[in-house]
Amino acid sequence: MIRQIKYFSVDNKILYNIVTYNMNNIKSFEAIDFYQLDDLFSEEHKLVRDSIRQFVNQEIIPNIEEWYEKNHFPTDIVKKMGETGIFGPNTSPDYGGGGLDNISYGLIMQELERGDSGMRSTASVQSSLVMYPIEAYGSEEQKKKYLPKLATGEMLGCFGLTEPDYGSNPGGMISKLEDKGDYFLLNGAKLWISNSPIADIAVVWAKDENKRIKGIIVERGMEGFSTPKTGGKWSLRSSLTGELVFDNVKVPKENLLPNKDGLGAPLGCLDKARYGIAWGALGVAMDCFYHAKKYSLERKQFEKPIASFQLIQKKLAEMLTEITKAQLVCWRLGSLMDKGKVSSAQISLAKRNNVEIALKIAREARQIHGGMGITSDYPMMRHMMNLESVITYEGTHDIHLLILGNEITGIPAFS
Ligand code: TGC
Ligand code: FAD
């Protein structure tokens with residue numbers, strides 16, 4: 001394999017380390033673009049998308065089925081993602097980020113999740129749930145200390161909001177942060193935390209003495225802080241998930257995120273991550289459609305390609321329709337976000353819709369593959385299992401429905 005690093009530039013700005021490869025033996029992928037969305041993307045968007053597509057074709061697709069079967073997270077992928085510019089694409093270049101817009105961010109998530117939802121999870125936690133709150137709510141010292149290392153993948157972060165008894169209702173959390181004068185004393189536990197078993201830092205949400213939710217950066221190695229791994233997962237098997245346990249952890253005062261508190265602070269990060277998931281789910285749907293179309297044209301039954309049967313064509317036509325609608329939703333959402341005009345409810349609609357259609361498309365694509373569809377020769381079963389997490393995390397499918405119900409009626413039906 002030939003590997004070389006090239007630097008591409010647009011408007012004299014160095015954009016990305018584009019890694020070019022000998023493409024022999026790399027499975028091809030043909031993206032659908034039925035409504036010619038490429039016309040709406042800038043050269044920068046296409047350059048970013050194509051570079052990540054290449055990264056995924058080279059680094060993820062050839063290995064992912066084995067990692068998945070072995071329930072393995074390849075830790076070296078973190079450095080590779082950092083080198084490729086996958087972490088902090090929206091973060092300011094002053095702190096080592098890419099300085100790119102939200103559509104570029106979305107396209108990165110689309111391509112990564114086409115490879116695997118767990119790989120996208122690693123990246124969206126790092127960018128939206130760790131780098132974003134440090135940049136948006138952190139002090140200058142925190143930004144300088146953590147963001148450049150997070151951008152290169154020298155450091156990996158995680159985000160601790162969910163607790164054993166407070167998942168959909170994070171406002172009820174009981175993790176406690178007490179001001180002890182020289183330091184904060186942190187007690188409590190977080191569950192279902194992506195990246196936690198190997199994360200160098202955790203952005204943790206806990207309540208102070210006044211029951212106000214605050215964000216604080218906890219570093220691996222602090223006494224009383226542990227990160228046990230969660231086993232037995234049938235979903236996201238190549239992403240690490242675990243707990244965060246705080247047993248009288250003394251956290252330095254300067255680790256508190258000073259510039260925002262209250263439940264709106266973590267929920268603001270979730271908006272960024274949910275937006276990325278809407279694009280990511282689209283990547284899964286596109287991958288499943290690609291395989292379904294290819295297989296149906298190659299596979300013969302009754303002496304004809306199965307693609308010639310009306311029932312198969314119905315499935316493919318419906319997949320294409322839903323993917324095209326979801327692409328338009330993502331593009332418009334990204335444009336609104338870039339103009340600072342997006343609402344949380346608009347993001348909920350996109351996350352909810354796109355994950356649902358991706359799950360349905362994965363299931364239909366699996367059926368088109370008949371028995372072969374259940375094997376690891378094809379990605380559909382893995383995508384389906386992954387999407388069972390994606391439809392649950394970052395707000396369950398029904399929580400997003402209730403967010404939309406609240407938006408329509410003005411009446412919250414959460415409790
Ligand atoms: P509510 O009273 O509605 O709101 C409390 C405060 O928050 C503000 N707010 C938001 N701010 C920014 N963005 C949003 N999306 C916001 N939604 C609400 C709101 O304005 C209010 O502010 P203030 O200043 O008035 O206090 O809160 P609630 O307790 O009734 O809850 C509403 C609900 C159910 C929608 C919310 O709790 C929710 O979204 N629950 C779902 C929890 C969730 O999504 N957890 C995700 C954990 S992280 C994760 O899953 C990572 S997976 C990563 C991966 O691997 O990819
Ligand atoms: P619950 O809240 O107990 O919900 C159970 C069921 O009840 C759901 O169907 C839900 O829709 C329904 N329900 C709850 N409330 C209502 C209501 N008011 N009305 C109607 N139905 C309701 N969290 C983090 O903080 N950081 C992470 O990095 C992270 N990574 C994750 C990775 C994985 C693989 C998974 C599976 C989860 C992760 N999570 C993470 C946690 C995730 O956000 C929660 O699982 C999710 O918010 C749901 O919480 P819960 O599992 O406690 O379910």
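For the single chain, residues carry numbers from 1 onward in sequence order. The shown structure was predicted, so the numbers you read here are calculated from the model rather than taken from an experiment. First listed ligand is number 1; within each ligand, the first listed atom is number 1.
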Q. Is any heavy atom of the protein nearer than 4.0 Å to atom 4 (O) of ligand 2?
A. yes
Q) Can you tell me how far the OH atom of Tyr68 sits from the CD1 atom of Ile64, to the nearest 0.5 Å? A) 8.0 Å
(Q) For ligand 1 and Ser344, I'd like to know whether there is a polar contact (N/O to N/O, distance under 3.5 Å). (A) yes
Q. Would one find an N or O of Asn169, backbone or side chain, under 3.5 Å from an N or O of ligand 1?
A. no
Q) Does the protein put a heavy atom less than 4.0 Å from atom 27 (O) of ligand 1? A) yes
Q. How far is atom 21 (N) of ligand 2 from its nearest protein heavy atom, and which residue and atom name does that atom have?
A. Asp398 CB, 4.6 Å
Q) Does Gly167 have a non-hydrogen atom less than 4.0 Å from ligand 1? A) yes
**Q.** Heavy-atom protein neighbour under 4.0 angstrom from atom 1 (P) of ligand 1
**A.** no
Q.
So, regarding Val125 and ligand 2 (criterion: nitrogen or oxygen to nitrogen or oxygen, under 3.5 Å), is there a contact or not?
A. no
**Q.** Shortest protein heavy-atom distance from atom 10 (C) of ligand 2, along with the residue and atom involved
**A.** Thr396 OG1, 3.6 Å
Q: Report the nearest protein non-hydrogen atom to atom 41 (C) of ligand 1: residue, atom name, distance rounded to 0.1 Å.
A: Ser168 O, 3.6 Å
Q: Distance to 0.1 Å, residue and atom name: give those for the protein heavy atom nearest to atom 15 (N) of ligand 1.
A: Asp271 OD1, 2.9 Å
Q: Look at atom 48 (S) of ligand 1 and say whether a protein heavy atom is found at less than 4.0 angstrom from it.
A: yes
Q: Taking only Lys NZ, Arg NE, NH1 and NH2, and the carboxylate oxygens of Asp or Glu, determine whether Glu318 and Lys314 approach each other closer than 4.0 Å.
A: yes
Q.
Is it the case that the side chains of Arg352 and Ser348 hold a donor-acceptor pair, with the cut-off being a distance below 3.5 Å and no angle test?
A. no
(Q) Checking a contact table here: which protein heavy atom is nearest atom 37 (O) of ligand 1, and how many Å away? (A) Pro170 CD, 3.3 Å
Q. Identify the closest protein heavy atom to atom 30 (O) of ligand 1: which residue and atom is it, and at what distance?
A. Phe414 CD1, 4.0 Å
Q. Protein heavy atoms: any of them under 4.0 Å from atom 45 (N) of ligand 1?
A. yes
Q. Going by the atom numbers of ligand 2, which of them fall below 4.0 Å from some non-hydrogen atom of Ile193?
A. 24 (C), 25 (O), 26 (N), 27 (C), 28 (O)
Q: Please write down residue, atom name and distance for the protein heavy atom closest to atom 23 (N) of ligand 2.
A: Thr162 OG1, 2.7 Å
Q) Do any N/O atoms on Leu263 end up under 3.5 angstrom from N/O atoms on ligand 1? A) no
**Q.** Per atom 50 (O) of ligand 1, closest listed option by heavy atom (Met109, Glu394, Lys190)
**A.** Glu394
Q. Hey, is atom 18 (N) of ligand 2 touched by any protein heavy atom at less than 4.0 Å?
A. yes
Q: Considering heavy atoms of the protein only, find what lies nearest to atom 6 (C) of ligand 1 and give residue, atom and distance to 0.1 Å.
A: Gly264 N, 3.9 Å
Q: Inspect the surroundings of CG in Leu263 and state if more than 12 heavy atoms from other residues, nucleotides or ligands are less than 6.0 Å away.
A: yes
Q | Closest protein heavy atom (residue, atom, distance) for atom 52 (S) of ligand 1 | A | Tyr393 CG, 3.5 Å
Q) Quick one: nearest non-hydrogen protein atom to atom 26 (N) of ligand 2, plus distance? A) Phe159 O, 2.9 Å
Q) Does the distance from a Lys or Arg side-chain N to an Asp or Glu carboxylate O, for Lys70 and Glu66, drop under 4.0 Å? A) yes
Q | Polar contact flag, side-chain donor to acceptor under 3.5 angstrom, Thr162-Tyr393 | A | no
Q. Among protein heavy atoms, which sits nearest to atom 15 (N) of ligand 2, and what does the distance come to when rounded to 0.1 Å?
A. Ser168 CB, 3.9 Å
(Q) Considering non-hydrogen atoms of the protein only, which is the closest contact for atom 54 (C) of ligand 1, and what is the distance? (A) Ser121 OG, 3.4 Å
**Q.** Heavy atom of the protein closest to atom 49 (O) of ligand 2 (residue, atom name, distance)
**A.** Gly167 CA, 3.3 Å
Q. Looking only at side chains, do Ser104 and Asp101 share a donor and an acceptor under 3.5 Å apart?
A. yes
Q | cation_pi(Arg114, Phe29) dist<6.0 Å, angle<=45 | A | yes
Q) Of all the non-hydrogen atoms in the protein, which one sits nearest to atom 16 (C) of ligand 2, and at what distance? A) Ile399 CD1, 4.1 Å
Q: Would you kindly specify which portion of Leu236 sits under 4.0 Å from ligand 2, judged on non-hydrogen atoms: side chain, backbone, both or neither?
A: side chain
Q | For Trp205 against Leu257, the heavy-atom pair lying closest together | A | CH2-CD1, 4.2 Å
Q. Between Leu129, Thr162, Leu267, which one has a non-hydrogen atom sitting closest to atom 4 (O) of ligand 1?
A. Leu267
Q: Tell me, with the steps shown, if Tyr275 and Ser128 meet side-chain hydrogen bond (donor to acceptor under 3.5 Å, both in side chains).
A: CA-CA 10 Å; Tyr275 164 78; Ser128 295; over 6 Å; no
Q. Which ligand 2 atoms are under 4.0 Å away from a heavy-atom of Thr392?
A. 45 (O), 46 (C)
Q) Is the shortest distance from a heavy atom of Ser124 to ligand 1 less than 4.0 Å? A) yes
Q) Under a 4.0 Å heavy-atom limit, does Lys233 contact ligand 2 with its side chain, its backbone, both, or neither? A) neither
Q: May I ask you to list the atoms of ligand 2 that are less than 4.0 angstrom from any heavy atom of Leu161?
A: 25 (O)
Q | Any Gly171 heavy atom less than 4.0 Å from ligand 1 | A | no
(Q) Is the ring pair His291/His369 parallel, tilted or perpendicular, if the boundaries are 30 and 60 degrees? (A) tilted
**Q.** Option whose closest heavy atom lies nearest to atom 12 (C) of ligand 1, chosen from Gly118, Gly268, Gly172
**A.** Gly268
Q | For Gln142 against Pro258, the heavy-atom pair lying closest together | A | OE1-CD, 3.7 Å
Q: Please round to the nearest 0.5 Å and tell me the distance separating atom CG of Asp261 and atom NZ of Lys207.
A: 13.0 Å
Q) So which protein heavy atom does atom 39 (O) of ligand 1 come closest to, and at what separation? A) Arg274 NH2, 3.0 Å
Q. Taking the six-membered ring for Trp, are Phe41 and Trp279 parallel (under 30°), tilted (30 to 60°) or perpendicular (over 60°)?
A. tilted
(Q) Determine whether any protein heavy atom is located less than 4.0 Å from atom 20 (O) of ligand 1. (A) no
Q | ligand 2 contact on Leu402 by region, counting heavy-atom pairs under 4.0 Å | A | side chain
**Q.** Numbered atoms of ligand 2 (with element) below 4.0 Å of Ser389, judged on heavy atoms
**A.** 34 (C)
Q. Does Cys158 reach ligand 2, in the sense of a heavy atom lying below 4.0 Å from it?
A. no
Q | Side-chain donor-acceptor pair present, Glu135, Tyr146, cut-off under 3.5 Å | A | no
Q.
How far is atom 28 (O) of ligand 2 from the closest protein heavy atom, and which atom is that?
A. Ser194 N, 2.9 Å
Q: Could you list which atoms of ligand 2 come closer than 4.0 Å to a heavy atom of Glu394?
A: 43 (O)
Q: Check each of Trp192, Tyr393, Trp205 against atom 30 (N) of ligand 2 and report the one with the nearest heavy atom.
A: Trp192
Q) Could any protein non-hydrogen atom be found less than 4.0 Å from atom 23 (P) of ligand 1? A) no
Q: Decide side-chain contact (heavy atoms from CB on, under 4.5 Å) for Asn255 and Glu219; before the verdict, give the C-alpha distance in whole Å, the side-chain angles of both, and the deciding distance to 0.1 Å.
A: CA-CA 9 Å; Asn255 285 28; Glu219 295 187 12; 4.2 Å; yes
